[in-house]
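As structure tokens, the structure follows; a few thoughts come after it.
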Amino acid sequence: MADAKWYVVHTYSGYENKVKVDLEKTIENRKLQDQILEVSVPMLEVSELKNGVEKLADRKMFPGYVLIHMVMNDDTWYVVRNTRGVTGFVGPGSKPVPLSDAEMEALGFARRETISSYEVGDVIVVTGGAWKDTIGAIKSINEAKKTLTISVEMFGRETPVELNFTEVRRK
């Protein structure tokens, strides 16, 4: 699957939740779950004071906007752009601009935590990158960086190679 990114879509004011529901139905009907991963209307919990009583309420963080985590291609662009209530993607002209990871973290959408099921000594196969199809035993694991180190024989010597969790699988 290509790399999914977060995009911002402008909607008619007050139609954010309707756009979210309609888009989720369309995704299910067209079986696009692997291309449009998430549709979000970010909410902010605020406290309101009415008649001397403090009450918690949810407010839209960005009225008139919906965030969509998707792989951008002609099909997904068409589906989102032609959803009732959507006026367009945010970006110059007709070219949508994805949000950066830093922007998403500032909004409270931190990357999901990846938990490794690997252990030192496990034998793995590299599935991507320059070391693709290389087999090696795990020498160390760095959970914070989401990497592991294997030992590979190169020119008759053991050489440590650092790989992402996503580039390997169990043998």
Side-chain angles (χ1 to χ4, degrees), residues 1-44 58-118 122 124-135 138 141-150 161-171:
M1 178 177 80
D3 209 18
K5 298 194 182 311
W6 284 95
Y7 294 89
V8 181
V9 174
H10 188 263
T11 67
Y12 294 126
S13 187
Y15 277 68
E16 301 88 354
N17 291 326
K18 177 89 171 108
V19 166
K20 178 181 170 153
V21 169
D22 288 351
L23 201 47
E24 287 171 344
K25 283 180 190 170
T26 305
I27 292 166
E28 189 175 329
N29 291 341
R30 292 188 180 208
K31 299 186 180 5
L32 293 171
Q33 294 93 335
D34 60 333
Q35 294 179 41
I36 302 177
L37 308 174
E38 187 177 347
V39 180
S40 176
V41 179
M43 302 297 268
L44 187 62
D58 285 336
R59 290 262 167 88
K60 292 180 187 108
M61 235 186 225
F62 308 109
Y65 295 93
V66 173
L67 300 177
I68 303 175
H69 192 205
M70 62 186 259
V71 176
M72 182 59 70
N73 59 39
D74 291 342
D75 293 336
T76 57
W77 181 90
Y78 181 84
V79 166
V80 172
R81 186 64 187 86
N82 290 293
T83 299
R84 182 175 291 148
V86 172
T87 59
F89 281 93
V90 173
S94 62
K95 185 173 178 1
V97 177
L99 294 172
S100 68
D101 288 341
E103 290 169 322
M104 289 309 295
E105 285 178 22
L107 295 175
F109 284 77
R111 287 184 174 255
R112 289 184 173 77
E113 194 62 32
T114 304
I115 298 169
S116 164
S117 63
Y118 300 113
D122 286 351
I124 54 100
V125 177
V126 181
T127 59
W131 297 98
K132 185 175 181 170
D133 299 326
T134 301
I135 298 172
I138 297 174
I141 300 172
N142 185 334
E143 293 282 347
K145 287 174 56 183
K146 296 176 185 27
T147 61
L148 47 84
T149 304
I150 64 171
V161 176
E162 188 174 272
L163 303 162
N164 291 324
F165 289 167
T166 57
E167 295 179 297
V168 298
R169 68 172 166 80
R170 288 192 194 288
K171 183 170 190 289

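Remember, predicted model here, so these are calculated numbers, not experimental data.
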Exercise. Minimum heavy-atom separation for Trp131 to Val126, with atom names?
Worked result: O-CB, 3.2 Å
Problem set entry | Close side-chain approach of Pro96 to Met72, heavy-atom, < 4.5 Å | yes
Seminar exercise, completed: Thr11 and Thr87 have their tightest heavy-atom pair at N-OG1, 4.1 Å
Exercise. With a 4.5 Å limit on heavy-atom distance, are the side chains of Ile27 and Val39 in contact?
Worked result: yes
Exercise. Hey, are the side chains of Leu148 and Val168 touching, using non-hydrogen atoms and a 4.5 Å cut-off?
Worked result: yes
Problem set entry | Side chain proximity check, Val71 to Asp34, heavy atoms < 4.5 angstrom | no
Seminar exercise, completed: Residues at least two apart in sequence or cross-chain that pass side chain to side chain donor-acceptor pair (under 3.5 Å) with Ser13, listed by chain then number, are none
Seminar exercise, completed: Between Val79 and Thr83, the two heavy atoms sitting closest are O-OG1, 2.7 Å
Seminar exercise, completed: For Pro42 and Leu67, the nearest pair of non-hydrogen atoms, with its separation, is CG-CD1, 3.5 Å
For this session: Only pairs at least two apart or in different chains count here, so list each salt bridge (charged side-chain N to carboxylate O under 4.0 Å, His left out) that has a residue in residues 58-80.
Result: Glu16-Lys60, Glu48-Arg59
Exercise. Can you list every pair that meets ring-ring contact (aromatic ring centres under 6.0 Å, His included) and has a residue in residues 15-41, with sequence neighbours left out?
Worked result: Tyr12-Tyr15
For this session: Evaluate whether atom CD of Glu28 has more than 12 neighbouring non-hydrogen atoms of other residues, nucleotides or ligands under 6.0 angstrom away.
Result: no
Exercise. Sequence neighbours excluded, which residues qualify as salt bridge (Lys or Arg N to Asp or Glu O under 4.0 Å) partners of Asp122?
Worked result: Arg170
Exercise. For the residue pair His10 and Tyr65, does the interplanar ring angle fall in the parallel (under 30°), tilted (30 to 60°) or perpendicular (over 60°) class?
Worked result: perpendicular
For this session: Over all heavy atoms of both residues, which pair between Pro92 and Val97 is shortest? Give the atoms and the distance, please.
Result: CD-CG2, 3.4 Å
Problem set entry | Geometric class of the Tyr7/Phe89 ring pair [parallel <30°, tilted 30-60°, perpendicular >60°] | perpendicular
Exercise. Can you list the residues that meet the salt bridge (Lys or Arg N to Asp or Glu O under 4.0 Å) rule with Lys25, with sequence neighbours excluded?
Worked result: none
For this session: Please identify each residue that fulfils salt bridge (Lys or Arg N to Asp or Glu O under 4.0 Å) with Glu103, with sequence neighbours left out.
Result: none
